[in-house]
Every structure is written in structure tokens, then in C-alpha cells.
K.L.:
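Below is a structure I'd like to ask you about.
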Amino acid sequence: MSATRGLLTVLIRGRRHGAWLLRAQGGGEARGASPTDDKVASAAIVRASEEPLGTGSDGAAKVQQRPSRACRPHPADASAWPGDGPEDLLTVKDLRVVNARSGRPLVKGVSFAVGRGETVALVGESGSGKSLTAKALMDLVPTGLSCSGSARLLDTDLITAGQRKLRRLRGSGVSLLLQDPFTMLNPLIRVRTVLGETLPASPAGTPRRSRAQVTEEIDRRLAEVGIAMAGAARAYPWELSGGMRQRVGLAAAIAKEPVLLIADEPTTALDATTQREVLRLLRRIQRSHGMGLLLITHDLQVAFAMSDRVLVISDGELVEQGEPQELIENPQTEYTKQLLAAELPLHHRRQELLSRGATAEVTEHSTVDPSERSSPATGDSAAEALTMPDSSALLRVRGLKKTFTPSHGREVWALQGIDMDLRHGRSVGVIGESGSGKTTLARCLLGLETPTSGTIEADSIRLDLPGPRSRQRSARARELIQCVFQDPYSSLNPSHRVGYILGEAIRLRTDGRVAAKEVKSEASRLLAQVGLPASLLDRRPPTLSGGQRQRIAVARALAMRPRVLVCDEPVAALDFSVQAQVLQVLRDVQTSGVSLLLITHDLTVARQMTDELVVLHRGEVVERGLTAEVIDHPQHEYTQRLIAAVPTGSPDWLAER
Amino acid sequence: MSLQFLAPKPSAGPRRIRSERPTALVLLSLCCLAALAMAALLGRRLAPTDPARQNLSESGLPPGSAHLLGTDSFGRDILSRVLVGARPALEGPCIVALCATAAAVVLGLLAGFRGGWIEAVIMRAADMVLALPALLVVIVTVGLFTGGYWLAVVMLIVLTAPSGTRVIRSAVLAQRTLPYIEAARTVGVTNRRLMFVHILPNISATVVASLLLDFVGSLIALSSLSFLGLGSPPGTPDWGKMLVENRGLLEQNPSAAVAPAVLLIVAAFSMTVLGDWAYSRLEEGKNVRD
């Protein structure tokens, strides 16, 4: 997914990511030959929008083709495609992207069409080829990859057209909105310059726009994307919030009135509430401009809410497509069914996140042996809100404050007096948007930050005292609290083998008093506990998948036999299908008697994992209580807003208020 | 509902190791270095004649069957001298590179990882040393104290270490903020272990590159000193010295001056190629391969 981060290369003069542009302009040699005729003939464009609802076909076909009249085999002659509606804006046919060096296919013959004014969502997990498909359409595939097939937009084949032709088409024909608003705008170029560069040239014969006219036009365009703030045009990108930047990106993308906008994960980097606003805006603009929109996303609910048609892509192949309602009610392929099943519900707690066989890669001793744990599970013995102050709690936080004083500028209050408790064997979720202080709270608990004031007490040990902790005290603190970090790709040392990573933690816990053999057997036991085979002990993290790495991170934390496990966005960097595995492992951990403190922005994750919730807003607790209570009957306005922002998959979710 | 698909697909299993075959240039460099190392270790046994045996009746002979590379003005066999000269030519640079890099690793890790006053002291000291014109300082000191070769080696260690320290410190700074360091801290890993067990393997590419570049730098520096008549005592078969001694023979036996020059160039060039290759191998190996 990170590969999609970049810049609006196409529109903004690529100062920062100029390499992309250069490549796009000189990349002619990377284009592969056109597909052979028989491939063309066998490729099928499936346009589900024209079809009646599928009535349950066998589902064995590779590409789920709904009723047969939808399958329109292409004649070898690409110039006239029968059945091509005049409304078809973009027709992609048998698009392939191949790694030229290894010959590995990354996109394996994708065919679809986008109509005028239609929104089509391309949904898939990371590595499924969805972003590459978009890049191929924009001629932005990284060097070393070659494209073949055809993608016709307004009589131009985007795959084989020359650079000059493509250049004319960019901006006015097709344009791209990228994922990460924080890096796609050059931080040293003012908003008005960005937008000024993207304005279409004045029609021939008319005089050049005066400075005042340009300013007026820029203001009008900013207003269109909902930026009414005075002086926004003169601001630098770094002075704006993520949502504002994404709006500026959108304004630039649509400046030349493209007929097709490709949006690559446009809201993934944004907070939930901002995501909803930006999606609303995107939909409104798409409708008012009558643009075709190809929305690339990993989020099924966003896809369902936004689009007229959803294409599901997996491993470089389209597996299914259809209208959102059809897909939700009657998914035809196993893959789509499984994707839908992996979605976590907000309004009830699933008993099992996964079937047992799927959690574990080893089936023999994969479940936790309760006797290994010193403390038994308590279950849900208490009924009332337990995060309220309670003297018997395992972890007690009182009046916790933390300020950051940057070397320039005002001091920032990250936490403004937090009180909370975590009882034995319970799990508490801390939710809030970015900047609400969730992570600072976790770091204070772990001793990675020293609080400005307030106390943190765990099992009668003070964890908050500044200065170097005494050896025993920090050793005890470590055995009390352990952590699972957000990004499994950087939280494990890439140079060390898994066995070493786990062994180090075990040796540290026991002060090196155990024999190497025992360390190894305990490490394999830990792996089994998180559902991984012992054969991984000799592997290094870079050779493992994200889900495997995160489970190893859990195993490392468990090696210290902690009583509290702090999880900071443990699944935010993982795909949906993998999320469930990791969450199930964490549930098992809680069942075995470890208290969980789960920090997340994702309410569906919090619903599945926690007994109690603490809602943080700007460093303050605005609401707390049992998870079901808080989510089903939110009291505070902020909590209500958070819950409303969870994508529901229904177009009503994006309806204008 | 079965969710078996959630288990990783077989194809998504271990990423295949696609080892990059070394290019012909790298292989050639490796061969050259191996040959030079052989000469350095076994020079005396490989030499056809005693490198110090003079025979004025054979002075300045061009290459021939008796003397493959001819003789110098004292009638000494050039091939033997070149072979025996490999040891002083390579031994010093090896020691300089190893010691300077070892010092740079320790100082760079301390400065980059600990920060604060430790960093300030180390880095300002490094800046001061770097401000000195290295070769000039060595020439003056070695000239003044007539300490010869080993004094030059020690001086070079002191003068080379700071640039390595800088490079390694910046590599450490890039690693220090990564979550795996914090994760290791939360399980109670000591600072020393963090530096040498956790960070060091991740900057190995930089360390190796710095090691090889230091070698090349000091190889050239030491031969320049010999060329100037400093360093190794007169009479030793030293490549730099041979260059200057046999300049006058270019008409009669050009190989007497060209052979040591070519060997110097080959040694420096092969080491640079190898350093480049090792760096890129280690960098990608860190991220993908097992």
C-alpha cells in the first residue's frame, strides 16, 4: 500500500517526486507488446450493472460471471466492440502487469469498464494489484514492470499511447488523487501555486487571465472543495490538516475537469470523521461534474457506500463484480463471501472471530494451556462501568498529565488529567482520533515517556516516577506491562531471527538462568500460543507476512509473562483477513488472564475486543463505560460523531446532512 | 462459515531468495584481490629470486626469460620485488582499515545512540581532526620523528576514524527512532546490547563499506608516503618506493616502474568495486533475504 504514496504527479509539477514524472515520460520502453489475439478474444468484460441479480450459479468459475449475457467476449478487432455502450468512458481489456525481470505476473488480465458519471470501486487486499492497475492506467508503473493489454479512454489507448498524447490527456482526460495527503503536496509550495499550476490554459484567442482572475478562480475552486477559510490559498500545505490537504489535492485533481478521476485510497490516511467528510465531498463533486470515478480502496464498506459497482480483485485477478447490494446480499464467490465475513460488526460482539482451524497454522497444541498461566480468567464478573476509579484495580492511572514543549512555539497538552483503571483479566479500549492522546497514554504506561504530573500505579509499583528507575523496579514493571506496537514491519529487528528475538526476551526475564534448550522450547511454545509453527524460529522478520510478524510481536510480549498487555493499534497496518487472526490471538491472551489495554481508532475492533471503553478527545476522557453501552448509546457528542463515522456500507451513510 | 482462507496462502509463504549473481567485474576484482593476498602471504616463497640480491652486470634489463619483469638499476629482479612488496603494501592498509573502522563503530554508535554531551564531545573532536589536512600531518610527523612505517599507520588510524564515525553516526540515527528499538527497550534490553546487538547488524552495510573505503584511502596514503621517501626504510621492496626508484629506468625497463603502479591501481580499484558490491548486497539482504 505504501507504494501508492506519492504525489499528484500528473497534475502538480513533480518537484518533489520528480522521478515519477520523469519515469512516466520516459517510460515508453517499459510498455509491453499488445496482447495476443486469442487472449483478447477470451477476455471478458463483465458489466454487472446491466444484469439482473445473479441467481446462484456454481461459483467455481475463476472470474465469477453472472448470467451469461453479461459476458461479452471481445472480438479480435479492438476498434469496434459490439455492445460497447456510448456511456463507456474507460474500457480496460485484459490489462496485465508483469515484473519484467522475474516474469512474475502482478496483474493477470483485468478487464472492466467505467461509464460516464459512474463510480466503480476496485476492492482488494494489499498486494492484490489494485493500485498497480491504477498506476498502469496512468502510466506510472515502477521501472522493471511492463504493462500489456488495452485501456481505452476517449479513443486513446492509455497503455500504448505515446507520451505526448498521454500528456494532453492527463488532467483533462484522466487524473489521479493519491493516498497520503501528508506527502503528496510539496511542503514548500503554497496552495495557490499548486492550484494555479493546474488550471487549464485559457482558450485560444482569449487574453491570458489577469492575476485577479486567477486568484478569484482559485478561491472558487477552494470553495468548491469546502475550504472557505480566509487565506487558505496563501497557506503552505504543512499549515493545513490532513483533511484539508486531501481537499486541496482533490481541487488540483479536478481542476482541468477530467472525465475520469482515479482515487487511490483517498481517505485511508485520514481520521474516520474526516474520511466521511472527504468521501461526501468526493461523491458530490463526482456527481456535479459528471465524472467517472474509479475508487481504489481496501475498505469494503467505503466501496459499498460510494460506488455504483464494485470490482473485487485478488491476486491480480478480478474475482467478482456487481452492484453493492447484490454483493452484500448474494456474493457469488468464496473469496467475496470470506471478505464480507472478515468484516467486523460494530453492533455486536462475535463469539469467534475465526474458525479455530484458521487461526492456527499448527493444529496440535495451538490453544493456550491454562495451566501455563499463573492467573485464571475472571470473565465478565462485573456489570458496571469498571474503568471508573477502583482501588482493587491492577493498573491505576490518576490525574495523568503530559505536556510536550517543542523548542519553538507553545507547549502542547497531550494528556490533560486522565483517570482510569484496568482490572485483572479485563480489556479496556482507548478510542479517539489521531491527536487525542491515545498513544501518549500508552507510552507513559510503558515508561517510554515521563508524565508531567499524575500517577500510574500497577500492583503497588509506581511507574511514573522520573529519572532512571531502579533495576528491580523496572524489571518488575516490565513483567507487569508489555506492549504490542502498531507497525509489525518495523517493530521487529530485521537482522535477528525469530528464535533470537523470543529467546532474548526469555533470557532477560529469567536473568539468563535458563539453559539454551529450555529457551528454545519455551520459544516454540510461545509461537504455538500465537498459532505459528515452530519452524518460524529460524526465519527473519523480512521473510514473514505482516500477520505473522504481528503475532511474533505478541509472542515476544508474552515471553515476559506480563499481566497487562498494551496494544497500540495492533491491527491498523494489517489487511482485513489478517486482522481477525491477530485479534483472535489477543482474545485468547485475554482469556488466559492477561489484562488488555487496546488503543485503537477503529471502533469495530474495539467492539470485538474490549469489555470497557474510554473515549479520549484532545487529551481528556469524554466518555467511559461498558463497550456495548458506549457504542449503542453514546452520550457525549464526540462519541456520537465517532460512531456515525464508522462506514456502514450504505449510501445513506454519505447522504448530505 | 469456514474461514480457512484466512490462513496464509501457500504462495504467500516464504519469499524466495533471488540471490543476485555477482557481475563479472566483481568476480574479476575478487580474483585480483585473492592473488594479491596470496602474494602478501607467500611472497618470499613465490619470488623466483632473492629480491635483495644485486647483480650490477644485469642492471636495467628489459623483461626476458631470466627476469620476467626485467631488473632495476641494481640488477634486482622486479618480479620478486613486486611479489615481496605486496606484504608491506597491503598489511598497513588492512590494519588502518580495521582499527579505524572499529574505532568509528564504537564512537559512531555512542554518539548516535546516546546523544547529548557524549555526542557533542565525540562529534566536535571528529570535526577538529577532519579539519586537519591528513596527508600533510602524516608527512610532517613521520618526517620529524623518523618513526617510519608504523608511525604512519598509527597516524592514519587516528586521521581516518573521524570520517567513519560521522557516517556510522548518521546510520545509527536512522535506526534509533525505529520501533524495534523501543520494543527491545520494553523487554529490558540494556543500552550496550541495543547498540551492539540490535543496531550494529542493521548498519553492517555501512560498516563494511566504510571498512573497504578506509582500506583504499590508506593504501594510497601509505604508498604516497613511500613515494616521498617516508615510511618504510630504504631498500625494502615497497611499491611506492619502487615507483620513485625506477623512474629513471623508464627507457630501459619500463615495467620496473609500471608493474608496482599497476598493482597499486588494481588493488585500489578491486577494493572499491568490492565495497560497492558488498554494500548493495548487505542493504538488500537486510530487508528481504534470509
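On a predicted model such as this, the values are computed, not experimentally measured, just so you know.
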K.L.:
Under a 4.5 Å heavy-atom cutoff, which of H496(A), R507(A), M560(A) has the most pairs with chain B?
P.N.:
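Highest number of heavy-atom pairs under 4.5 Å: H496(A).
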K.L.:
Which region of L492(A), side chain (C-beta onward) or backbone (N, CA, C, O), has a non-hydrogen atom less than 4.5 Å from a non-hydrogen atom of chain B, or is it both or neither?
P.N.:
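Contact with chain B is through the backbone of L492(A) alone.
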K.L.:
With the side chain counted from C-beta on, respond yes when Q482(A) and R561(A) share a heavy-atom pair under 4.5 Å apart, and no when they do not.
P.N.:
no
K.L.:
Check whether Q486(A) gets within reach of chain B through its side chain, its backbone, both or neither, counting any heavy atom under 4.5 Å.
P.N.:
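Neither part, no heavy atoms under 4.5 Å.
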K.L.:
Can you confirm whether E182(B) sits close enough to R443(A) that some side-chain heavy atom of one is under 4.5 Å from a side-chain heavy atom of the other?
P.N.:
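Side chain of E182(B) against side chain of R443(A), heavy atoms only: contact under 4.5 Å found.
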K.L.:
Kindly indicate whether the side chain of D315(A), heavy atoms from C-beta on, has any atom under 4.5 Å from the side chain of K108(A).
P.N.:
yes
K.L.:
Quiz question: by atom type and distance under 3.5 Å, do the side chains of Y500(A) and N493(A) form a donor-acceptor pair?
P.N.:
no
